[in-house]
Number of protein chains: 2
Amino acid sequence: MSNRAARTALKIPAVARGKRMANGKARAPEGDGEIGLDGLLGHAGYAVRRFQIWIFQDFVRTLAAVDIKPTQYSVLTVIGANPGLSQMAVAQRLGIERARLVHLLDSLEDRKLVRRVRSRTDRRSHALHLSARGEASLRQFKLLAAEHERHVAEKIGKENREQLLRILSSFT
Amino acid sequence: MSNRAARTALKIPAVARGKRMANGKARAPEGDGEIGLDGLLGHAGYAVRRFQIWIFQDFVRTLAAVDIKPTQYSVLTVIGANPGLSQMAVAQRLGIERARLVHLLDSLEDRKLVRRVRSRTDRRSHALHLSARGEASLRQFKLLAAEHERHVAEKIGKENREQLLRILSSFT
DNA sequence: AACAATTGTTGTCGTCAACAACAATCTTTC
DNA sequence: GAAAGATTGTTGTTGACGACAACAATTGTT
């Protein structure tokens with residue numbers, strides 16, 4: 001088993017207890033077949049986490065051709081809807097950190113989708129705008145995002161999706 | 001503004017357009033007051049992400065005294081409900097990578113909550129068990145996790161929480 | 001016995017959140 | 001109006017995390 005020296009020494013008493021195996025193929029030591037989740041089933045957090053992973057993967061897959069990830073999409077959308085916002089305003093509206101947004105904008109600016117314009121009223125801050133190319137691109141991104149949203153509806157059901165949006169509306 | 005040399009040079013035309021400011025305090029260049037999210041509002045992924053962040057933070061806060069995070073809790077719960085499982089089985093049941101589970105178990109084993117017992121039927125694998133201390137601890141963790149779950153119910157509503165669990169049940 | 005597959009492990013890489021520190025620039029206060 | 005404090009964008013560090021690749025030990029297959 002190669003070297004287990006990395007782990008802090010903790011001798012394992014070889015007390016492997018009752019282990020009724022009934023595995024047909026090449027399965028794990030425990031042949032329960034179905035693995036119960038016990039308490040986890042009642043936890044909203046677990047389900048939400050799994051769902052969020054699925055939904056992000058589908059988003060990334062659907063927008064892979066344009067190489068736009070969820071966070072980038074959210075930034076572009078907010079800037080598009082509110083031109084002239086400062087980085088601070090965008091960051092706190094989306095719940096992103098200033099420091100993180102810097103890199104996101106660096107990337108989007110390199111791709112010439114966004115422009116940082118120095119504000120004259122407050123020369124510390126940048127007024128964020130979509131470039132002409134950015135606006136055109138965003139329109140395309142929104143079409144793909146809508147397609148992704150249809151995937152979600154297919155996955156959990158049209159009505160369930162709407163209900164879910166309603167339930168979580170307070171987290172805008 | 002310190003050095004912006006790090007970013008790939010991209011000259012910014014100083015064309016800050018119309019900017020009517022009506023800020024009472026120290027606000028951003030754009031005084032819209034309310035920042036619209038536009039298309040984001042119709043995206044389940046955005047709401048789910050924000051909710052998931054909130055729910056994880058509350059979980060961590062509620063279980064801070066015992067220093068147990070969501071992933072650790074899920075691992076302990078599954079092992080507790082299915083003693084003798086292999087690492088492979090736990091990993092794929094929870095959607096965690098083998099490599100990641102190694103570190104998680106290292107930590108839990110160091111804290112003497114979990115034991116890796118070499119399987120006699122397949123000497124490659126480890127049968128995972130909770131220690132006596134692990135079982136006692138898990139009982140306490142479950143009480144705190146239930147408290148966290150009550151926070152969730154208070155946040156989104158009792159019925160909404162149950163509806164959400166039903167909608168996302170396929171993601172067990 | 002030779003070869004392929006599996007299990008646990010280590011390592012690397014890129015993403016991401018959370019902080020801390022800093023220069024430039026406001027805002028406030030005396 | 002000058003000093004002190006706060007804010008904005010930026011850089012850097014840290015740690016959690018998923019995705020991969022590689023490996024030794026062990027199984028399964030032929």
Side-chain angles (χ1 to χ4, degrees), chain A residues 1-7 12 21 23-30 49-50 52-54 56-57 60-61 67 69-72 74-75 85-92 94-107 109 116-128, chain B residues 1-7 12 21 23-30 49-50 52-54 56-57 59-61 67-72 74-75 85-92 94-107 109 116-128:
Chain A
M1 195 70 62
S2 73
N3 66 345
R4 301 181 36 167
R7 237 184 301 138
I12 302 177
M21 295 198 47
N23 41 356
K25 280 241 170 185
R27 278 271 60 77
E30 204 65 4
R49 168 176 162 262
R50 298 297 297 255
Q52 200 253 350
I53 291 174
W54 181 90
F56 264 53
Q57 285 175 344
V60 171
R61 215 179 311 138
D67 190 28
K69 282 177 297 182
T71 310
Q72 295 176 312
S74 69
V75 170
L85 279 185
S86 71
Q87 300 187 190
M88 194 60 206
V90 171
Q92 81 180 26
L94 290 178
I96 305 175
E97 267 186 275
R98 309 206 292 298
R100 168 116 187 80
L101 187 60
V102 171
H103 301 295
L104 285 169
L105 289 174
D106 284 352
S107 165
E109 206 176 27
R116 288 189 244 224
V117 181
R118 300 201 81 102
S119 168
R120 285 167 311 196
T121 60
D122 185 343
R123 283 163 53 206
R124 291 170 302 181
S125 66
H126 295 154
L128 301 175
Chain B
M1 197 69 61
S2 74
N3 66 345
R4 299 182 37 167
R7 235 183 304 139
I12 302 177
M21 294 197 47
N23 42 356
K25 280 240 171 187
R27 278 273 58 78
E30 205 65 3
R49 169 177 163 262
R50 298 297 298 255
Q52 201 253 351
I53 291 172
W54 182 91
F56 264 53
Q57 284 176 344
F59 187 98
V60 171
R61 215 179 312 138
D67 190 29
I68 287 290
K69 281 177 297 182
T71 311
Q72 295 175 312
S74 69
V75 170
L85 278 186
S86 71
Q87 299 187 190
M88 193 60 205
V90 170
Q92 80 179 28
L94 290 178
I96 306 175
E97 265 188 276
R98 311 207 289 298
R100 167 114 188 83
L101 188 59
V102 171
H103 301 295
L104 286 169
L105 289 174
D106 284 353
S107 164
E109 206 176 26
R116 289 189 243 223
V117 181
R118 300 200 82 103
S119 167
R120 284 166 312 195
T121 60
D122 186 344
R123 284 163 51 205
R124 291 170 302 182
S125 66
H126 294 154
L128 301 175

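Letters go in sequence order (proteins before strands), and every chain restarts at 1.
For D:dT26, neither phosphate oxygen OP1 nor OP2 lies less than 4.0 angstrom from any side-chain nitrogen or oxygen of B:Arg120. For A:Arg123 and C:dT27, the shortest distance from a side-chain N or O to OP1 or OP2 is not below 4.0 Å. Phosphate proximity of D:dT7 to A:Ser125: absent, as no side-chain N or O sits under 4.0 Å from OP1 or OP2.
Base engagement by B:Arg98 is indicated by at least one non-hydrogen atom pair under 4.0 Å involving a base atom. Within the 4.0 angstrom heavy-atom criterion, only backbone atoms of the sugar-phosphate kind lie near B:Gln87; the bases stay farther away. Using a 4.0 Å heavy-atom distance criterion, B:Gln57 is classed as a sugar-phosphate-only contact.
Proximity of A:Pro70 to B:Arg49: side-chain heavy atoms (C-beta onward) are nowhere separated by under 4.5 Å. Side-chain contact between B:Ile96 and B:Val75 is present, with at least one heavy-atom pair separated by less than 4.5 Å. By the 4.5 Å heavy-atom criterion applied to side chains, B:Leu128 and B:Arg116 are counted as neighbours. In this structure, the side chains of B:Arg98 and B:Met88 come closer than 4.5 Å at one or more pairs of heavy atoms.
In this structure, B:Leu104 atom CG and C:dG8 atom C1' are separated by 14 Å, rounded to whole Å. What separates CG of A:Asp122 from C1' of D:dA6 is a distance of 12 Å, to the nearest Å. Taking atom CZ on B:Phe56 and atom P on C:dC16, their separation rounds to 16 Å, with Å as the unit. Rounded to an integer number of Å, the gap from CZ of A:Arg100 to P of D:dT13 is 18 Å. Atom pair B:Ile53:CD1 and D:dA16:C1' shows a separation of 14 Å (rounding to whole Å applied). Atom-to-atom, CZ of A:Arg118 to C1' of D:dT10 comes out at 12 Å; the value is rounded to the nearest Å. Note: CG (A:Leu94) to C1' (C:dC16) measures 15 Å, nearest angstrom. Rounding to whole angstrom units, CG of residue A:Leu85 and P of D:dT7 are separated by 19 Å.
Residues A:Gln72 and A:Leu104 come closest through the heavy atom pair CG-CD2, 4.2 Å.
Across C:dC16, C:dA17, C:dG8, the shortest atom-to-atom separation from the side chain of A:Lys69 is found for C:dC16. Nearest nucleotide to the A:His126 side chain, out of D:dT26, D:dT10, C:dG8: D:dT10. In the set C:dA18, C:dC16, C:dT7, the nucleotide with an atom closest to the side chain of A:Glu97 is C:dA18. With distances taken from any side-chain atom of B:Asp106 to the nucleotides D:dT10, C:dG8, C:dT10, the minimum falls on C:dT10. If you check C:dC16, D:dT26, C:dT25 against the side chain of B:Arg124, the one that comes closest is D:dT26. Candidate nucleotides D:dT26, C:dG8, C:dT10 were compared by shortest atom distance to the side chain of B:Ala99, and C:dT10 ranks first.
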